[in-house]
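Data block below; observations after.
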Amino acid sequence: MTGTRPPGPSRRPPQPSLRPAWDDAGGAARARDLFASAFGGPPDGVWSAPGRVNVVGEHTDYNGGLCLPIALPHRTYAAVAARPGTRRLRLVSAQEPGPPREVDLDAVGPAGTAGEVPGWAAYVAGVLWALEAEGLAAGLPGLDVAVDSCVPAGAGLSSSAALECAVATAVDDLAGLGLAGPAGAPDDGGRARLAAACVRAENEVAGAPTGGMDQAVALRARPGHALLLDCRDGHVEHVPLDLSAADLELLVIDTRAEHRLVDGQYARRRQVCEAAASVLGVPDLRAVADAVRGGGTTLDEVLPRLADDEQRRRVRHVVTEIERVRELVDVLRAAPGEGLAGPALERARALLDASHESLRADYEVSSPELDLAVAAARRAGAHGARMTGGGFGGSAIALVQAGEAGEVMSAVAAAFSAGGLADPAFLRATASGPAGRAAG
Ligand code: GLA
């Protein structure tokens, strides 16, 4: 499932550089140009949505837990025009060149049925299908859609959620659903409903059994803040995250070992968690985390009641990971901005490192490339590093001193080269804004 791209002929790693995010005007212009060359004429507008990294709280969302993602400055841009009187989609993507993909909205159905939509078109068609299935819209018109993106695909940075959420905000505007709220005054409740539709699109039409964190942050993030998401009831809090004030930055290491969520491993983790909750007689593993936190029980009491070692390790990860989210939020709140130093920074480091170890040893979703990236970043001076997202390849994050990112990048690139792996890629994660209509 993890396909490492083959190394090139020369093994001397190039000086690594950061993959830039497009500015809004540049991203919108790219999508408009693609639209004009594919369909002729201008679109009705351009909408965009961010990729994400999760700071902590991994594989907790589908357990009713807590997670703490941020929106990346890297976004997917969708230039869109309505096609009133039709029910047909025509879709092009700069990342998947070729003639327009055509989809009949009336024929769309869940993955595994006659209505299955193959490939990336499922993420677009799925959103319209889900908006109608959720009763948020009826009889939506067909669309022409041209997509361009600087969110790397297959890197565990939620490029699929970015596409879904860009399309959802476009449909919201064009069909007058009024859910996202006006620019500058986002309607969080309406956005939560759009996010729910995007999750249905991904789960049912694209067939990836993901848990909802990605769509929530793409639609509900706030610039300069991490999103504390309570996945039991969808409640969010915006936790200030001004790393530059503390002379820190969050570096994303894309191992370029592609991760896939549509295969069985992710689904298997979900099933084992659900089975464990049922053995324990609770609705979800969040209930166990809450009971442990409240002093009603301990992990030592809970774990022996489970069916086998697999359940025990999965439950230990989920329960301790939910607690790490709470602790990191406490650290960030107690030490906002320049306060993230000294013991607070040491605590943040310990939490990030413990999260990775738990995901590696107990949840078993890391990969050799992720472990290598994390170890090399720590050796080069990172204040904590961990895999981020679903795992099985994809990306890691490292908290680094501002100005030292270059050294960490070189050290990680050298470790990959020495290990015979393809060159990793790097991005800087600054907490950015949610999906909406792009200026320009
Ligand atoms: C993927 C899924 C999310 C979440 C993470 C793990 O990114 O899309 O819903 O489960 O994995 O935290």
Side-chain angles (χ1 to χ4, degrees), residues 52-70 156 158 209-214 216-217 226-233 235-237 239 250 259 261 265-266 268-277 280 282-294 297-300 302-303 306 309-332 347-367 370-371 374 384-392 394-399:
R52 65 98 189 87
V53 285
N54 190 17
V55 180
V56 74
E58 219 65 83
H59 288 276
T60 55
D61 57 355
Y62 53 81
N63 287 302
L66 302 170
C67 52
L68 191 69
I70 63 172
S158 293
T210 53
M213 165 175 72
D214 312 337
V217 68
L227 187 81
L228 173 58
L229 174 66
D230 185 330
C231 300
R232 183 173 259 180
D233 58 8
H235 178 79
V236 296
E237 289 176 40
V239 181
L250 197 59
H259 96 141
L261 290 178
Q265 287 294 329
Y266 184 96
R268 169 82 192 156
R269 296 299 180 283
R270 259 190 106 139
Q271 283 156 9
V272 170
C273 290
E274 282 159 18
L280 296 171
V282 290
D284 52 32
L285 296 183
R286 165 66 173 280
V288 182
D290 286 353
V292 169
R293 169 160 259 252
T297 187
T298 63
L299 266 181
D300 285 345
V302 169
L303 297 182
L306 290 163
D309 192 50
E310 184 183 18
Q311 285 190 1
R312 281 190 277 279
R313 281 183 292 138
R314 305 304 186 244
V315 169
R316 183 163 56 200
H317 165 72
V318 173
V319 170
T320 58
E321 185 77 353
I322 291 171
E323 188 58 21
R324 282 186 283 274
V325 177
R326 295 188 206 271
E327 286 193 40
L328 189 61
V329 167
D330 287 347
V331 168
L332 293 173
R347 190 68 201 130
R349 175 209 299 272
L351 291 165
L352 295 178
D353 289 353
S355 171
H356 184 80
E357 185 54 20
S358 178
L359 288 157
R360 186 191 68 74
D362 273 350
Y363 219 65
E364 296 180 286
V365 293
S366 189
S367 68
L370 287 165
D371 293 341
V374 162
R386 60 178 289 272
M387 56 155 280
T388 188
F392 311 110
S395 294
I397 52 170
L399 186 60

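Residues take their numbers from the sequence shown, with the count starting at 1.
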Side chain to side chain contact (heavy atoms under 4.5 Å, CB included) between V365 and Q265, intermediate numbers included: CA-CA 8 Å; V365 293; Q265 287 294 329; over 6 Å; no

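V319 is not listed as a side-chain neighbour of V302, based on a closest heavy-atom distance of 4.5 Å or more. With a 4.5 Å cut-off on side-chain heavy atoms, T320 and D362 do not count as touching. Within the 4.5 Å cutoff, the side chain of V56 has no heavy atoms near those of the E327 side chain. Between Y62 and C231, every side-chain heavy-atom pair lies at or beyond the 4.5 Å cut-off. The closest side-chain heavy-atom distance from I70 to V217 is not below 4.5 Å.
Annotation for G212 and D61: closest pair N-OD2, 3.4 Å, computed over non-hydrogen atoms. The minimum heavy-atom distance between G389 and H59, with the atom names listed, is O-NE2, 4.2 Å. Residues S366 and H356 come closest through the heavy atom pair OG-CE1, 3.5 Å. When all heavy atoms are compared, the tightest approach of N63 to C273 is OD1-CB, 3.1 Å. When every heavy atom of A396 is checked against every heavy atom of L370, the shortest pair comes out as N-CD2, 3.9 Å. Nearest heavy-atom pair, V325 versus G57, reported as atom, atom and distance to 0.1 Å: CG2-CA, 3.3 Å.
The backbone N or O of L68 lies less than 3.5 Å from a partner atom in the side chain of N54, making a donor-acceptor pair. A distance-only check finds no donor-acceptor pair linking the side chain of H235 to the backbone of L229 [under 3.5 Å]. Panel note: side chain R270, backbone T210; a donor-acceptor pair is recorded below 3.5 Å. No donor-acceptor pair under 3.5 Å is formed between the side chain of T60 and the backbone N or O of V318. Although no hydrogens or angles enter the test, the distance criterion places no donor-acceptor pair under 3.5 Å between the side chain of R316 and the main chain of L299.
Listed by first then second residue, pairs satisfying ring-ring contact (aromatic ring centres under 6.0 Å, His included) with a partner in residues 311-332 read H317-Y363, not counting sequence neighbours.
The side-chain contact (heavy atoms from CB on, under 4.5 Å) test applied to E310 returns R268, V272, D308, R314, not counting sequence neighbours. When the salt bridge (Lys or Arg N to Asp or Glu O under 4.0 Å) test is applied to R232, the partners found at least two apart in sequence or on another chain are D284, D290.
Of the charged side-chain nitrogens involved, at least one lies within less than 4.0 Å of a carboxylate oxygen, so that E321 and R324 count as a salt-bridged pair. A salt bridge is absent between R326 and D330; no separation between the charged side-chain nitrogens and carboxylate oxygens falls under 4.0 Å.
Note that CZ of R286 is 4.5 Å distant from CG of L66, once rounded to the nearest 0.5 Å. Here the CZ atom belonging to R293 is positioned 11.0 Å from the CD1 atom belonging to I322, to the nearest 0.5 angstrom. Distance check, rounded to the nearest 0.5 Å: CD of E357 to CG of D371 gives 8.5 Å. Separation of atoms OG (S358) and CZ (R313) is listed at 11.0 Å; rounding is to 0.5 Å. Between the OG atom in S367 and the CE atom in M387 there is a gap of 8.0 Å [rounded to 0.5 Å]. The line from CG of L328 to CG of L351 is 5.5 Å long, rounded to the nearest 0.5 Å.
No hydrogens or angles considered: a donor-acceptor pair under 3.5 Å links the side chains of S355 and R386.
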